[in-house]
**Q** 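Can you read through this structure? Questions will come right after.
All of these numbers come straight from a predicted model, not from anything done at the bench. Every chain is numbered from 1, with letters handed out A, B, ... down the list of sequences.
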Protein chains: 2
Amino acid sequence: MPPNGRTALDSFPKPAFLEFMRDARPNKEKSPKKAVAAERPAGVRRPDAARIPGSSVHTSLASEIGLRIVRGDYPPGTILPNEAKWSETFSVSRSAVREAIKMLMAKSLLASRPKIGSWVEPKERWNLLDRDVLAWYATSPDREVFLRTVQEFRHIIEPEATAFAAMRRTDEQMAEISQACREMGEAKSLQERTRADTRFHLAILRASGNDLLVPLGVLIESAFDHLFAYTTRELDDLQLAQKMHEAIEKNIRLQRPDAARNAVRKLLANTDNVIRSR
Amino acid sequence: MPPNGRTALDSFPKPAFLEFMRDARPNKEKSPKKAVAAERPAGVRRPDAARIPGSSVHTSLASEIGLRIVRGDYPPGTILPNEAKWSETFSVSRSAVREAIKMLMAKSLLASRPKIGSWVEPKERWNLLDRDVLAWYATSPDREVFLRTVQEFRHIIEPEATAFAAMRRTDEQMAEISQACREMGEAKSLQERTRADTRFHLAILRASGNDLLVPLGVLIESAFDHLFAYTTRELDDLQLAQKMHEAIEKNIRLQRPDAARNAVRKLLANTDNVIRSR
DNA sequence: AAAGCAATATTGTCTGACAATAGACGTAAA
DNA sequence: TTTACGTCTATTGTCAGACAATATTGCTTT
């Protein structure tokens, strides 16, 4: 029953109220509050905000503030504007601001105390492996550096994860991996192919049998998002990449950890070249 | 100015209100609300809640609910009690409940929609590498399994991270590493030693030059917390471990990636033995 | 039987109030 | 002059109550 919608703060829903961000309207008269029903004050009342799932006010606010922090607008240690100030700046209620701030606190970007305010936590505390933080982080510096960092990380994780998968995969997990691999080959569009590619690598992480590896999937997703622009359209390259994926699939299927690890290393080296050559 | 207190939801502050958790008091009369000042209703009003930093109501609530979810009380897909219900169960305001839920949403343990309610997200979405989630996760299954998983993860991460550190460390980073190593040797108590040990490994992660490795420090901290009970009191073992740490320090200092990697592998193998032998 | 429509339950948002906290500052004492 | 203490005050924490938006559920109508 719970629908499987995309996760929240992904920041692309174009938060409605951000349009009038700096539009400080100090003299907004209080809404009458007596008029119970009938007599709609005709517009003015933020007509149709919050349509898309990920764009409730607090969510959008969290995105905006989170992005600013990660981007470096408020360096670690900085004391942020207080809740009343945010509330005024964005013309939203204090509750919405508080909920947004609580979300950022949950990601360790912020902490707060009465009388002090909220301050930006030192960068080491940031939960960089969080989906949203990662997304914000990915936008701020130039793509190159970010992509290189993620790619380096993949070199550390994926070969070992794949070796474990070759040892411990269940049949169901193998089926997922194989299917994703097949769908990569049959994909009609580049986007479709990339999606199957992502599924392939995530399935391997899940099959590794180590719960802690699974959350690292966000890194792979992020990498593929940013790699998309670099992806080749050349048929030769595509076929080569497909062969490499099939080699990985095969070695996991035949339960050969070492061979699987090497196959992944080859694939990553190939990806490195794609990045470098651009 | 921002004090460097421990991070929030660490769940050891023994949240005050949890005492009367199941104490459903349906007929609580509304507080008079007219009596402005003077005439304190004498006790009853949750006398001294929220003393310790990490124990505000919403924070404690998030801990309690988060723990329940991770523990498996509400399996993925389950629709949770609604906000009003939580509010009643714990006798706290709906705002507090909402803020707690927003924190859990930020960690991808929950998601919600109007009219539906809040449901537990599939486990793959959980941000297991989050400090709090990890802490909750660590309590639920038996220590053994958790410890083994974390330790396996360390085998994947730390050798490579250390090799990178040997290549890219700055002098400041080296100083941190060396100091932690020294303090390990000079530590007077086991606890003191463990703390220095943790600092040593975290400093290496930071020195690796890959931002994404830093957040994995929570795993190491968690591992050491749980490893503490297993730690040996034998002098021989301690001295052996110290030698291994010094070998790592030396190889990073001399910028020998391969030797550093091997030194870490040895140390981890030693730790494996400690775990296994218990 | 199918399609549209209304009732309903739940989260989302706003408002306004008061409590608790801890820094800043001034005042008094040593 | 310096130190210690108490007061002032700005900020988050908590509460209460109201209304809006939304999508499921079940009913009604064709």
**Q** So which protein nitrogen or oxygen atoms get under 3.5 Å of nucleotides 7-11 of chain D's nitrogens or oxygens?
**A**
unit_1	atom_1	unit_2	atom_2	d
D:dT9	O2	A:Lys115	NZ	3.4
D:dT11	OP2	A:Asn82	ND2	3.3
D:dT11	O2	A:Lys115	N	2.9

**Q** Once you round it to whole Å, what is the distance between P of C:dT11 and CD of B:Glu99?
**A** 16 Å
**Q** Measure from the side-chain heavy atoms of A:Ser112 and tell me the nearest of C:dT11, D:dT14, D:dT12.
**A** D:dT12
**Q** Between B:Ser87 (side chain) and B:Val92 (backbone), is there a donor-acceptor pair under 3.5 Å?
**A** yes
**Q** Could you check B:Leu80 against B:Ser95 and say which one's nearest nucleotide on DNA chain C is further toward the 5' end?
**A** B:Leu80
**Q** What residues, two or more places apart in sequence or in another chain, satisfy ring pair (Phe, Tyr, Trp, His ring centres under 6.0 Å) together with B:Phe228?
**A** none
**Q** Kindly write out the residues that satisfy ring pair (Phe, Tyr, Trp, His ring centres under 6.0 Å) with A:Trp86, not counting sequence neighbours, or none if the list is empty.
**A** A:Phe90
**Q** Given atom CD1 of A:Ile79 and atom C1' of C:dG23, what is their separation to the nearest angstrom?
**A** 10 Å
**Q** Side-chain N or O of A:Arg94 less than 4.0 angstrom from OP1 or OP2 on C:dC14?
**A** no
**Q** D:dG13, D:dA16, C:dC14: which one has an atom nearest the side-chain heavy atoms of B:His58?
**A** D:dG13
**Q** Scan B:Lys102 against the nucleic acid and name what it touches under 4.0 Å (heavy atoms): base, sugar-phosphate only, or nothing.
**A** sugar-phosphate
**Q** Which whole-number value in Å describes the distance from B:Glu88 CD to D:dA16 P?
**A** 12 Å
**Q** List for me each residue that meets side chain to side chain donor-acceptor pair (under 3.5 Å) alongside A:Asp73, sequence neighbours excluded, and say none if there are none.
**A** A:Arg71
**Q** In terms of relative ring orientation, are A:Tyr137 and A:Phe146 parallel, tilted or perpendicular, with 30° and 60° separating the classes?
**A** perpendicular
**Q** Please list, one pair per line, the donor and acceptor atoms closer than 3.5 Å that link side chains of residues 99-106 of chain B to other protein atoms, with sequence neighbours excluded.
**A**
unit_1	atom_1	unit_2	atom_2	d
B:Glu99	OE1	A:Arg98	NH2	3.2
B:Glu99	OE1	B:His58	ND1	3.2
B:Glu99	OE2	A:Arg98	NE	2.8

**Q** What is the separation between atom CZ on A:Arg98 and atom C1' on C:dG16, rounded to the nearest whole Å?
**A** 15 Å
**Q** Check side-chain contact (heavy atoms from CB on, under 4.5 Å) between A:Asn210 and all other residues, then give those that pass, not counting sequence neighbours.
**A** A:Arg168, A:Ser208, A:Leu212, A:Leu213, B:Thr149, B:Glu152, B:Phe153
**Q** How many Å lie between CH2 on A:Trp119 and C1' on D:dT12, as a whole number?
**A** 10 Å
**Q** Could you check how far NZ of B:Lys85 sits from C1' of C:dA9, rounded to whole Å?
**A** 15 Å
